[in-house]
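Quick note: residue numbers are just sequence positions, from 1.
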Amino acid sequence: MLVRRHYWPSSIDRIWLSPSVPEHPELIALRLIQHVLPCAQYPEKDPDVCSVLPLLAQSPGASGPATSLVVAGGLGVQRQEDRIAAVDALLLLAAQKKLDPGRSCSYSS
């Protein structure tokens, strides 16, 4: 399993987390986007929501655009602790060579 229950913010339901999910970090990232992105404007909405981003970055599966988006969204939240967690995730992705800056920052038409 990717994370233990106590790492997840209380507002994120844990029902969808199954033993197969760690192999698919994009599914986790897609689920986290709806919690991370609003925190840039409303920090009280989901405190500590970004605490799982470093664990997401360490998951064994391949990361893609959703992972990049949720980490980038974490860099823009107002709470300092959440931004630190997003920076940790970014560094972990870069160290594992799972981060493609050219692909992450551009949109194909």
Side-chain angles (χ1 to χ4, degrees):
M1 187 157 292
L2 177 64
V3 295
R4 291 184 211 127
R5 284 185 171 242
H6 68 273
Y7 287 118
W8 289 96
S10 60
S11 62
I12 298 176
D13 58 68
R14 300 169 190 102
I15 295 169
W16 58 273
L17 188 64
S18 70
S20 64
V21 173
E23 309 300 322
H24 306 284
E26 286 292 284
L27 295 177
I28 299 170
L30 285 170
R31 186 64 177 209
L32 286 173
I33 286 172
Q34 65 182 338
H35 297 280
V36 172
L37 296 183
C39 288
Q41 188 172 5
Y42 306 107
E44 67 282 347
K45 182 174 169 122
D46 280 324
D48 298 324
V49 70
C50 293
S51 64
V52 297
L53 292 180
L55 300 170
L56 174 68
Q58 292 175 5
S59 64
S63 62
T67 303
S68 297
L69 179 62
V70 76
V71 171
L75 295 171
V77 299
Q78 293 185 15
R79 295 188 69 243
Q80 181 178 1
E81 296 84 4
D82 286 337
R83 286 194 311 269
I84 291 171
V87 168
D88 289 345
L90 182 67
L91 293 174
L92 285 165
L93 287 171
Q96 297 172 18
K97 303 208 186 316
K98 290 184 176 181
L99 186 67
D100 183 5
R103 186 175 186 198
S104 302
C105 299
S106 64
Y107 294 99
S108 60
S109 51

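Checked by atom type, the side-chain pair Glu26/Ser63 shows no donor-acceptor distance below 3.5 Å.
Residue pairs meeting the salt bridge (Lys or Arg N to Asp or Glu O under 4.0 Å) criterion with at least one member in residues 67-81, sequence neighbours excluded: Asp48-Arg79, Arg79-Glu81, Arg79-Asp82. Among residues at least two apart or in separate chains, there is no salt bridge (Lys or Arg N to Asp or Glu O under 4.0 Å) pair with a member in residues 54-69.
The two residues Ala66 and Ile33 have their closest heavy-atom pair at O-CD1, 4.0 Å. Residue Leu56 comes nearest to Pro25 through the heavy atom pair CD1-O, 3.4 Å, listed as atom of the first residue, atom of the second, then distance.
At distances below 3.5 Å, not a single donor-acceptor pair connects side-chain atoms of Arg83 with backbone N or O atoms of Gly76. Between the side chain of Lys98 and the backbone N or O of Gly61 there is at least one donor-acceptor pair closer than 3.5 Å.
Note on Leu90: it clusters hydrophobically with Leu37, by side-chain heavy-atom contacts below 4.5 Å among ILVMFWY residues. Residue Val77 is grouped with residue Leu69 when hydrophobic side chains (ILVMFWY) are merged at heavy-atom distances under 4.5 angstrom, including chains of intermediate members. Residues Leu32 and Leu92 fall into different hydrophobic clusters, defined by Ile, Leu, Val, Met, Phe, Trp and Tyr side chains chained together at heavy-atom separations under 4.5 Å. Cluster membership check: Leu55 does not share its hydrophobic cluster with Ile84, using side-chain heavy-atom separations under 4.5 Å among Ile, Leu, Val, Met, Phe, Trp and Tyr.
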### CA sep, side-chain torsions, deciding dist, call: Asp88, Leu53, side chain to side chain contact (heavy atoms under 4.5 Å, CB included)
CA-CA 8 Å; Asp88 289 345; Leu53 292 180; over 6 Å; no

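Cys50 is listed as a side-chain neighbour of Val36, based on a closest heavy-atom distance under 4.5 Å.
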